[in-house]
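A, B, ... follow the sequence lines: proteins, then strands. Residue 1 opens every chain.
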Amino acid sequence: MFKGALPGFRDFYPQELAERAHIMRIWREVARRYAFVEYDGPPLEPLDLYTKKSGDEIVGQLYNFVDKGGREVALRPEMTPTVARMVAARANALRKPVRWFSMPQLFRYERQQKGRLREHYQLNVDLFGTSDIAADAELVACAVDMMRAFGLESSDVVVRVSDRRILHAFLRSLGVAEEAIGGVYGVIDKLERTPAQVSGEKLAALGVPAQAIERIITIASVTFDEVQARIGASSAAEQVEEFARFLRYVPALLGGDARWLQLDLSIVRGLAYYTGIVFELFDRSGEFRAICGGGRYDNLLKSLGGADMPALGFGMGDVVLGELLRSRGLMKPESTAADVWLGAAESVPLEQVMAEAARRRGAGESVEYALRTQSMSKQRKAAQASGAREFVDLSNDGNDGRNG
RNA sequence: GUGGCUGUAGCUCAAUUGGUUAGAGCACCGGUCUGUGGCACCGGGGGUUGCGGGUUCAAUCCCCGUCAGCCACCCCA
């Protein structure tokens, strides 16, 4: 017996491919509703496209090698550098805002576990060239609408949203020193997975005032009212007002449904390049990893050496989403069965069956038949097992019928 | 990369303290049933028990290594 797929890679048998196709069909359908247009880039990129953004450490998580032309290359682990390059190359020619989406297969060399493989398909939806908070709302609403299109409801999924600038101002107001902000982000990012006492000790080590430590440990429960009270009149007043609009815009885009959003300042999303709104979608049961994550990254294009253009986007992978849909009985792949199964008595020449198959196939029908003469009961059984919608008996005309 | 748990047919599982030729259901293939049966019955293919060593008269079972899966770290672009 030969071995299976490489660790972290998947064989897509027809059943699995139908499920993947279902996910991608919904992604594409909803993205188009929001007037995003599809693009793609190469799966293989120059290695330095990624090291430039993330440093050399990222090489440990890449599938990289030297190609036969001596180039350092890597399978793409993410789409952002590629799309940043593509947008930058035509920055002046593209109509703004640029609304693009893609569904690339991405690769990362990591130890696999549930919800994390070494390859996956990830929807990327991005907006370039607009600073307005309405764009942020549009993006979040699009992600939520995808959940709805899959049959998920606000009782299943929640959007936990934060804002880098508000979190920064909030922490400063608590007396956190500017130099300690980065370290505090790191602690907040791990709050859910760390005992409170350990987090407290780490914060103390960063020089965070004692009375601020408790508030930071429970920062996930901070309400917007509290944010307004604490920093609404500070230098961050403008950001707070902007966030208030965001909190109105998203429900407006969802037809008045305000149940999806939840302010959660503990959402940090790594320590990466986000500059404003950051958000993640979770199943409310807490059973799975984040379904989707994204935010605003206004400085990234410039830092990659491209155009200086505000940008925001999110990514949604097929693995966690698929696990969630299956667990909720919402994975409804399209049928792979044929439209028609042609049967005929053993006295009927195969050519006659083939001629009918040709006629129907020419008309766009999906047609299967026995590929040899066979007893009628055998053919009926095969037709039934195939799931074909209709069984047509060519032995005597007028004997067509539903299959099964 | 680190640690823990687990590996028997395509799937779900058996196999006496270590003891004949490793079994069953489902699935698959062939056949019977000429009547609408996702029936029934008969038959068949499919396993180096993940792989490699070791202990033993004898290993699916015990020990070591390795690979793979799951989980927790790391990381999450």
Not counting sequence neighbours, which residues clear ring pair (Phe, Tyr, Trp, His ring centres under 6.0 Å) with A/F12? List them please.
none
Looking just at side-chain N and O atoms, do A/Q374 and A/Q379 make a donor-acceptor pair shorter than 3.5 Å?
no
For a quick check, tell me whether the side chain of A/Q384 and the base of B/G37 share a donor-acceptor pair closer than 3.5 Å.
yes
Please measure how far the P atom in B/C61 lies from the corresponding atom in B/G65, and state the result in whole Å.
16 Å
Should stems be defined as at least three consecutive Watson-Crick or G-U pairs with both distances under 3.5 angstrom, which of them involve RNA chain B?
B:1-7 with B:67-73, B:10-13 with B:23-26, B:28-32 with B:40-44, B:50-54 with B:62-66
In whole angstroms, the gap separating P of B/G35 from CZ of A/F391 amounts to 17 Å
Separation of B/C70 P from A/R289 CZ (nearest whole Å)
11 Å
Could you tell me whether the phosphate oxygens of B/A77, OP1 or OP2, come under 4.0 Å of any side-chain nitrogen or oxygen in A/R269?
yes
Is it the case that A/E356 and A/Q352 place a side-chain donor and acceptor less than 3.5 Å from each other?
no
Using the P atom as the reference point in each nucleotide, state the distance between B/U55 and B/C64 in Å, no decimals.
15 Å
Is there a donor and acceptor pair, one atom on the side chain of A/R116 and one on the base of B/C75, closer than 3.5 Å?
yes
Provide, to the nearest angstrom, the distance between the CD atom belonging to A/E78 and the C1' atom belonging to B/C76.
11 Å
If the C1' atom of B/U34 is compared with that of B/C39, how far apart are they to the nearest Å?
14 Å
Work out how far the C1' atom of B/U60 is from that of B/A15, and round it to whole angstrom.
9 Å
Base, sugar-phosphate or nothing for A/R372? Non-hydrogen atoms, less than 4.0 Å.
sugar-phosphate
Determine whether the aromatic ring centres of residues A/Y249 and A/F246 are separated by less than 6.0 angstrom.
no
Nearest-Å distance once atom P is located in both B/C33 and B/C42:
16 Å
If I pick the C1' atom on B/G4 and the same atom on B/C74, what distance separates them, to the nearest angstrom?
16 Å
Tell me which nucleotide among B/C33, B/G3, B/A68 gets nearest to the side chain of A/Q112.
B/A68
What's the closest nucleotide to the A/P7 side chain, out of B/G3, B/G69, B/C33?
B/G69
For the residue pair A/T82 / A/E45, report whether a side-chain donor-acceptor contact shorter than 3.5 Å exists.
yes
Take atom P in B/G23 and the same atom in B/C29, then report the distance between them in whole Å.
24 Å
A quick test of your reading: do over 12 heavy atoms of other residues, nucleotides or ligands sit less than 6.0 Å from OH of A/Y109?
no
Taking OP1 and OP2 of B/C75, is either one under 4.0 Å from a side-chain nitrogen or oxygen of A/K190?
yes
Interatomic distance where NZ belongs to A/K378 and P belongs to B/G35 [whole Å]:
18 Å
Heavy atoms under 4.0 Å, any strand shown: does A/G8 hit a base, just sugar-phosphate, or nothing?
sugar-phosphate
Less than 3.5 Å apart, any donor N or O on the side chain of A/D393 or A/S395 sitting next to an acceptor on the other?
yes
Taking the same atom, P, in B/A14 and in B/C62, what whole-Å distance lies between them?
15 Å
Tell me: CZ of A/R118 to P of B/C76, nearest whole Å?
17 Å
Quick one: which of A/R269, A/R289, A/R160 gives a side-chain hydrogen bond (donor to acceptor under 3.5 Å, both in side chains) with A/E280?
A/R269
By the 4.0 Å heavy-atom rule, please label A/P77 as base, sugar-phosphate, or nothing.
base
